[in-house]
Amino acid sequence: MNAYAPILVLGALGAGFAIFSVVMATLIGPRRYNRAKLEAYECGIEPTPTPAGGGRFPIKYYLTAMLFIVFDIEIVFLYPWAVSFDALGIFGLVEMLLFVLTVFVAYAYVWRRGGLEWD
């Protein structure tokens, strides 16, 4: 249990600071609400009204999100491989080359189909 004590103390300090910050902001923060403060912030662009259902997103949005997930997961798999590269030997190298090649084929397909172009 002694090995985990610093981690528990750090977690308690972090949670305590977060709770303290939220409570103090609600107690001493300004309460002057107006129409501009209640609007959604959109980087200085005037917000446009949306339909009651929330509007429709273009399919490019979802394709970009899926591409991000694919390449993000690839990076997650590359870190443990890089850490244990010496222990895996040539087998690990060949397997990672096959994995990267598979992801590269997916990347080339998306690139060829125009999935990375913003119209």
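- Atom CG of Leu101 and atom CZ of Phe104 lie 8.0 Å apart (nearest 0.5 Å).
- Transitive grouping of hydrophobic side chains (ILVMFWY, heavy atoms separated by less than 4.5 Å) brings Ile19 and Ile28 into a common cluster.
- The structure places OG1 of Thr64 at 11.0 Å from CD1 of Ile69, a figure rounded to the nearest 0.5 Å.
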Just distance, no hydrogens or angles: give the donor-acceptor pairs under 3.5 Å from side chains in residues 105-113, sequence neighbours left out.
none

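- A distance of 12.0 Å separates CD1 of Ile73 from CG of Leu78, quoted to the nearest 0.5 Å.
- In this structure, CG in Leu10 is found 15.5 Å from OH in Tyr4, a value given to the nearest 0.5 Å.
- Every residue meeting the side-chain contact (heavy atoms from CB on, under 4.5 Å) condition with Phe99, not counting sequence neighbours, appears here in chain and number order: Glu74, Phe77, Met96, Val103.
- Leu88 and Leu98 fall within the same hydrophobic cluster, defined by Ile, Leu, Val, Met, Phe, Trp and Tyr side-chain heavy atoms under 4.5 Å apart, directly or through other members.
- Pairing each heavy atom of Phe85 with each of Leu93, the nearest pair is CE1-CD1, 4.0 Å.
- Criterion: ILVMFWY side-chain heavy atoms under 4.5 Å apart, direct or through other members. Under it, Tyr79 and Val100 are part of a common hydrophobic cluster.
- Residues Leu97 and Trp81 are members of one and the same hydrophobic cluster, defined by side-chain heavy-atom contacts under 4.5 angstrom among Ile, Leu, Val, Met, Phe, Trp and Tyr.
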